[in-house]
Amino acid sequence: MTNSILNYYDPRDSRLLTNGLVVAVETFSSDGAEYVEESADGWGLLLPDHQYAAQFEHTIVFTKISRPF
């Protein structure tokens, strides 16, 4: 297994989220497209229908503390 966290279910992956783990969740919201295409440089994402899209990133830190900080 790599250090990547899958965004789909894999029954072979039995790892747990542990104390001290930091995860970035990157979500996309588009004005119409249901999928994206990868740009030629392998980095950018393009909407096939040329509609607007936004990308949001949320950082989550897993700790033993029971309250947000």
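One-based numbering along the sequence shown.
Counting only distance, with no hydrogens or angles, the side chain of N19 and the backbone of L21 share no donor-acceptor pair below 3.5 Å.
Every residue two or more places apart in sequence or in another chain that forms a side chain to side chain contact (heavy atoms under 4.5 Å, CB included) with Q55 is listed here: E26, F28, E57.
Counting only heavy atoms from C-beta outward, the side chains of I5 and L17 approach each other to under 4.5 Å.
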Side-chain atoms of residues 39-48: list all donor-acceptor pairs with protein atoms under 3.5 Å, sequence neighbours left out, distances to 0.1 Å.
{"unit_1": "S39", "atom_1": "OG", "unit_2": "D41", "atom_2": "OD1", "d": "2.4"}
{"unit_1": "S39", "atom_1": "OG", "unit_2": "G44", "atom_2": "N", "d": "3.0"}
{"unit_1": "S39", "atom_1": "OG", "unit_2": "G44", "atom_2": "O", "d": "3.2"}
{"unit_1": "D41", "atom_1": "OD1", "unit_2": "W43", "atom_2": "N", "d": "2.8"}
{"unit_1": "D41", "atom_1": "OD1", "unit_2": "G44", "atom_2": "N", "d": "3.2"}

